[in-house]
Amino acid sequence: MFKRPVFKRFQPHPRLPKEQIATTVKEVLPKIRQASDFGQVLDAVLDIPNEYIDNKLLKLVNTYPKADVAQLETILTKQYITRTAYASSAVGAGAAIPGAGTGVALGLTAGELATYALQTTTYILAVSRLHGFRPADREKRRTLILSSLLGEEGARIVSDQLGLRSLSWARSSLKNLSSPTISQVNKALMKYASKKLAHRSAGRIAGRLIPFGIGAGVGYLSGKAVAKRTVAGVQAALGQIRNLSAQEFMVELAPVINIESQIKASAGQ
């Protein structure tokens with residue numbers, strides 16, 4: 001029987017099986033909950049597999065097949081801001097329970113912090129993927145996530161470190177940054193993040209009440225503000241979104257997903 005050859009560009013790359021992806025993500029959550037400082041939270045989220053991000057985007061494309069990548073980015077952003085705001089309001093509500101005290105607030109926050117950290121990292125890496133960047137290297141991921149969390153100031157720090165005139169450093173530099181340069185940039189970002197933490201929290205316990213270690217207090221509006229700062233940070237770092245349809249983006253995802261199973265699933269609908 002004649003077997004149609006697969007064009008080289010679309011041959012799948014080695015990828016983690018679904019079970020391993022799920023296991024890895026589950027292992028990340030307890031690490032975040034047990035983290036005693038911002039650096040440990042950041043180290044934990046760096047372990048989120050790229051395949052997890054790709055599968056999230058695949059579901060998004062299947063839900064909105066007629067959208068372009070700019071519209072997909074807008075949808076992701078709205079979902080992220082809404083979820084973060086409500087997660088933050090849940091922590092605020094727990095802290096406000098009469099007689100509950102800080103213990104209940106911290107208990108709620110440990111779980112909410114893990115959820116928020118996972119959502120935030122997924123959002124940053126998913127938007128980066130829509131822009132055409134898929135940083136597999138841990139330190140490049142660290143740079144992108146840290147820069148985004150710090151808002152436009154994060155993009156400004158990276159641009160200054162790299163001697164760029166534009167804030168959109170990722171588009172021109174992310175793929176080509178050397179290890180020593182990445183290390184230098186990350187030190188500058190962590191130094192700035194640590195200063196913000198020192199000003200905004202009094203020790204580790206108070207720090208746990210701040211989403212992802214950086215931001216204002218608890219509650220719906222503060223959660224929304226924290227999310228919007230992250231959105232501004234990732235958009236500043238990545239610049240203008242490219243002109244690409246959802247179907248063209250699917251073709252780009254083909255090497256890292258099981259495209260044949262997706263075609264069969266579509267045909268069966």
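The minimum heavy-atom distance between K140 and D137, with the atom names listed, is N-OD1, 3.0 Å. The nearest pair of heavy atoms linking A246 to L72 is CB-CD1, 4.4 Å.
No donor-acceptor distance shorter than 3.5 angstrom exists from the side chain of S128 to the backbone of I124, with no hydrogens or angles considered. In this structure a side-chain-to-backbone donor-acceptor pair under 3.5 Å is missing from S159 to R165. The backbone N or O of D68 sits less than 3.5 Å from a side-chain atom of Q71, completing a donor-acceptor pair. With hydrogens and angles ignored, the 3.5 Å screen pairs no side-chain donor or acceptor of T84 with any backbone N or O of K224. Between the side chain of Q119 and the main chain of Y80, no donor-acceptor pair closer than 3.5 Å is present.
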Could you please spell out the steps behind the side-chain contact (heavy atoms from CB on, under 4.5 Å) verdict for R156 and L150?
-> CA-CA 10 Å; R156 190 171 292 110; L150 293 171; over 6 Å; no

Full working for side-chain contact (heavy atoms from CB on, under 4.5 Å) between R229 and E152 | CA-CA 8 Å; R229 186 187 57 242; E152 290 187 357; over 6 Å; no

Would you sort out whether R134 and E252 count as a salt bridge (Lys or Arg N to Asp or Glu O under 4.0 Å), showing the intermediate values?
-> CA-CA 11 Å; R134 192 174 184 259; E252 195 172 284; over 6 Å; no

Verify side-chain contact (heavy atoms from CB on, under 4.5 Å) between L42 and M190, making sure each step is shown before the conclusion.
-> CA-CA 10 Å; L42 186 60; M190 279 300 293; 4.2 Å; yes

Hey, mind stepping through Y52 and V28 against side-chain contact (heavy atoms from CB on, under 4.5 Å) and telling me if it holds?
-> CA-CA 12 Å; Y52 177 77; V28 167; over 6 Å; no

Stepwise side chain to side chain donor-acceptor pair (under 3.5 Å) test for H131 and E73 | CA-CA 9 Å; H131 279 256; E73 181 183 31; 3.3 Å; yes

Side chain to side chain donor-acceptor pair (under 3.5 Å) assessment of S148 paired with Y123 | CA-CA 10 Å; S148 300; Y123 169 73; over 6 Å; no

Please step through side chain to side chain donor-acceptor pair (under 3.5 Å) for the pair T74 and T77, ending with a clear verdict.
-> CA-CA 5 Å; T74 299; T77 298; over 6 Å; no

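Of the inter-residue distances, the one linking D54 atom CG with L253 atom CG reads 5.5 Å to the nearest 0.5 angstrom. For the atom pair Q235 CD and K228 NZ, the distance stands at 11.5 Å (nearest 0.5 Å). Separation of atoms CG (L130) and CG (L125) is listed at 11.5 Å; rounding is to 0.5 Å. A distance of 7.5 Å separates CG in N50 from CZ in R129, rounded to the nearest 0.5 Å. Here CD1 of I53 is found 10.0 Å from CD of E51. Values are rounded to the nearest 0.5 Å. Rounding to the nearest 0.5 Å places OG1 of T115 at 8.5 Å from CD1 of I32.
Partners of K31 by salt bridge (Lys or Arg N to Asp or Glu O under 4.0 Å), not counting sequence neighbours, listed by chain and number: D47.
Considering only heavy atoms from C-beta on, L238 stays 4.5 Å or farther from S168 through its side chain. S147 places none of its side-chain heavy atoms less than 4.5 Å from the side chain of I157. Annotation: side chain of L177 is in contact with side chain of L162 (closest heavy-atom distance under 4.5 Å). Residues E139 and S179 are not in side-chain contact: their nearest non-hydrogen atoms beyond the backbone lie 4.5 Å or more apart. Counting only heavy atoms from C-beta outward, the side chains of F249 and R242 approach each other to under 4.5 Å. For the pair Q184/L189, no side-chain contact is recorded, criterion being any heavy-atom separation below 4.5 Å from C-beta on. Annotation: side chain of Q79 is in contact with side chain of L76 (closest heavy-atom distance under 4.5 Å). The shortest side-chain heavy-atom distance between L144 and W169 falls under the 4.5 Å cut-off.
Checked by atom type, the side-chain pair T24/E27 shows no donor-acceptor distance below 3.5 Å.
Hydrophobic cluster membership differs between L167 and L149, with clusters built from Ile, Leu, Val, Met, Phe, Trp and Tyr side chains linked at under 4.5 angstrom. Both V69 and V61 are assigned to one and the same hydrophobic cluster, defined by single-linkage of ILVMFWY side chains at heavy-atom distances under 4.5 Å.
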